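Nothing here was measured: the structure is a model prediction, and the numbers come from that model. In what follows, chains carry the letters A, B, and so on, assigned in the order in which the sequence lines appear, proteins first and then strands, with residues in each chain numbered from 1.
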Amino acid sequence: MAVQRGLLYTKDHEWAKVAGDTATVGITDYAQEQLGEIVFVEPPKVGKEFGVHKELAVVESSKAASDVYCPIAGKVAEVNSELEAKPELINEDCYGKGWICKLKITDKKSVKDLMDAKKYEEYLGTL
Amino acid sequence: MVQGSTSVGQFVFEQRATEPGPSVLYGEHVKLTGKSHIAAFAGYLMPLWYSSIGEEHRAVRERAGLFDCTHMGVLEVSGADAAQFLNLVTTNEVPSLKIGRARYGYILDAAGNVLDDIIIYRRGETSFMVVVNASNEPKIKFYVQELMADRVAVGGHSPLCGLRVAVRDMRDPNRAKDRRVDIALQGPASIDTLAKLTDDASVVERVSGLKGFAFVEERLAGIDCLICRTGYTGSTVGFELFADPEQAPRLWNLILEAGEPLGVVPCGLGARDSLRIEAGLPLYGHELDGKFNISPFEAGYGWAVKLDKESFIGKAAMQRVAETYDMEVARIELPATRGVRPIRQDDPILDKAGRCAGWVLSAAKVDEKQYALAYVARDAAQEGMNVGVYYLARSQSQVEQGRAQAAQKGQKLTADLAGTVVSRFARF
């Protein structure tokens, strides 16, 4: 299971890449592995604000619909429109082309509760 | 909680929750796939998929796939009155079943509720093997035990306690011999694969000559196998192999080895589900019984309920259902091209006037199409009819946008996706 250095992680298997006051969000390799072939993504609306752990997006495989929870409090600045036609990008490149949205961070403190790559790896080991 | 018959003849059984245990083939699964692809199912840890659901589905249609069905219940029903017993306890005709043949049917309670759908294999005049669903096995064992002790309602006919019959668990670790678990090999390359497991041309001839629902008992690679041309994938060519649980891992590996050059792959529960949905086959709890209490007639299997039999448990209720049912299971084909959201269980099916005529019971994506098995008003479910599907809300934001979370029959909705009712069953 690939875990990428430099990203922050949640126990629900979302990742966030923080640069300044923007966070790019996606789901981890573990999450995409568990879901299988992803066939549909319902992205959040640009401009909408989400608190930590609020339902940000829905990712659907042929077998299940899974909520993506917001890892950091923020306002949606951009969504990955490529996923509409190519939801499988999440399977193919979950930390790269498979990103789901970008958030303008509204509460910096919420970043502190996330795990770094090392902690997330340890967490995966307990599952 | 009462266990047993209620005053209206309903059989009540509350299953104890138990910690899931490894299937007989668990050791092989963890060599073939990650633990994250293994999940608890009917009390067993079973593989969801090895490569991907889509690839495994295609392999079965084009080549062949191997399935761990060792979780399925396998019971032996034997004794001088075994045929008579099964004829009373199940809905299909049993005495006329020939040795070497199998038959599909139902076990009902006296109120006509489906307790399980089963296959009965006749191995001898007085010897039968009955395969029951893994999830229903504890209930069926208890039901049979109660029937034989004359402790549950049988709905009119004479009690069963005097019959000379014994029911035994063929997977019981304490059983001395003739233990059996189910492994299924399904798809066009199945015969060529099995042929590689024996040097005896006459065995190959007998196996390849099997008609549907016929079986032989042969040795493959030195392993005693009951080989039956049955399955749960809709494949015209496909077998279920019943062998000793201790030999099952070896048999599993030998089949995969022999099948590798032919493109045979192991398949998990995901493909098992998408294959049976595409073929129109029912899953207990979804297209049978379940929250709509779906009867065999509604499920499209009225032929497996022999109302002309003198007597069987649940007969009176089935006679009523046969005359009055107005909903049925329909197979619906819809697009699944890129960007089309998958339909899900409970999504409403809309008739041409946009009114809710039923609900999705199961759905699966197969390449660029998706198939739904849905419980639909009979007049809206005729082959060739156009229907619509409405996506129920699946997220909080959809609820906020006003998307319905449930739909009542007759409710007017706007279709999100258009589909067509296709033939009830498909064979491949």
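Between A:V46 and A:E78, the closest side-chain pair of non-hydrogen atoms is not below 4.5 Å.
The line from CG of B:L361 to CD1 of B:I294 is 4.5 Å long, rounded to the nearest 0.5 Å. Note that the OH atom of A:Y120 and the OG1 atom of A:T10 stand 7.0 Å from one another [nearest 0.5 Å]. Summarising the geometry, atom CZ belonging to B:F67 is positioned 9.5 Å from atom CG belonging to B:L269; distances are rounded to the nearest 0.5 Å. Summarising the geometry, atom CG belonging to A:L114 is positioned 5.0 Å from atom CD1 belonging to A:I72; distances are rounded to the nearest 0.5 Å. Between the CG atom of B:L185 and the CG atom of B:L256 there is a distance of 9.0 Å, given to the nearest 0.5 Å. Remark: B:L275 CG to B:L281 CG distance equals 9.5 Å, nearest 0.5 Å.
Contact tally against chain A (heavy-atom pairs below 4.5 Å) for B:G270, B:G34, B:G54: the top residue is B:G54.
Both the backbone and the side chain of A:V39 come within contact range of chain B, each with at least one heavy atom under 4.5 Å from a heavy atom of that chain. Contact of A:L124 with chain B is not made at all, since no heavy-atom distance falls under 4.5 Å. Of the atoms belonging to A:A65, heavy atoms from both backbone and side chain fall under 4.5 Å from chain B. The part of B:A363 that comes within reach of chain A is its backbone (N, CA, C, O), which places non-hydrogen atoms under 4.5 angstrom from that chain.
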May I have a list of the donor-acceptor pairs under 3.5 Å that connect chain A with chain B?
unit_1: A:E33; atom_1: O; unit_2: B:H37; atom_2: NE2; d: 3.1
unit_1: A:E33; atom_1: OE1; unit_2: B:H37; atom_2: NE2; d: 3.1
unit_1: A:Q34; atom_1: NE2; unit_2: B:S36; atom_2: O; d: 3.3
unit_1: A:E37; atom_1: OE2; unit_2: B:I53; atom_2: N; d: 3.3
unit_1: A:E37; atom_1: OE2; unit_2: B:G54; atom_2: N; d: 3.0
unit_1: A:E42; atom_1: OE1; unit_2: B:R341; atom_2: NH1; d: 3.0
unit_1: A:E42; atom_1: OE1; unit_2: B:R341; atom_2: NH2; d: 3.0
unit_1: A:E42; atom_1: OE1; unit_2: B:Q398; atom_2: NE2; d: 2.6
unit_1: A:E42; atom_1: OE2; unit_2: B:S395; atom_2: OG; d: 3.2
unit_1: A:E42; atom_1: OE2; unit_2: B:S397; atom_2: OG; d: 3.2
unit_1: A:K48; atom_1: NZ; unit_2: B:E400; atom_2: OE1; d: 3.0
unit_1: A:E55; atom_1: OE1; unit_2: B:Q396; atom_2: N; d: 2.9
unit_1: A:E60; atom_1: OE1; unit_2: B:R344; atom_2: NH2; d: 3.1
unit_1: A:E60; atom_1: OE1; unit_2: B:R394; atom_2: NH1; d: 2.7
unit_1: A:E60; atom_1: OE2; unit_2: B:R341; atom_2: NE; d: 2.7
unit_1: A:E60; atom_1: OE2; unit_2: B:R341; atom_2: NH2; d: 2.6
unit_1: A:E60; atom_1: OE2; unit_2: B:R394; atom_2: NH1; d: 2.9
unit_1: A:S61; atom_1: O; unit_2: B:R344; atom_2: NH2; d: 2.9
unit_1: A:K63; atom_1: NZ; unit_2: B:D273; atom_2: OD2; d: 2.8
unit_1: A:A64; atom_1: O; unit_2: B:R344; atom_2: NH2; d: 3.1
unit_1: A:E88; atom_1: OE2; unit_2: B:R338; atom_2: NH2; d: 2.4

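The two atoms that bring A:C70 and A:F50 nearest to each other are SG-CB, 3.7 Å, heavy atoms only.
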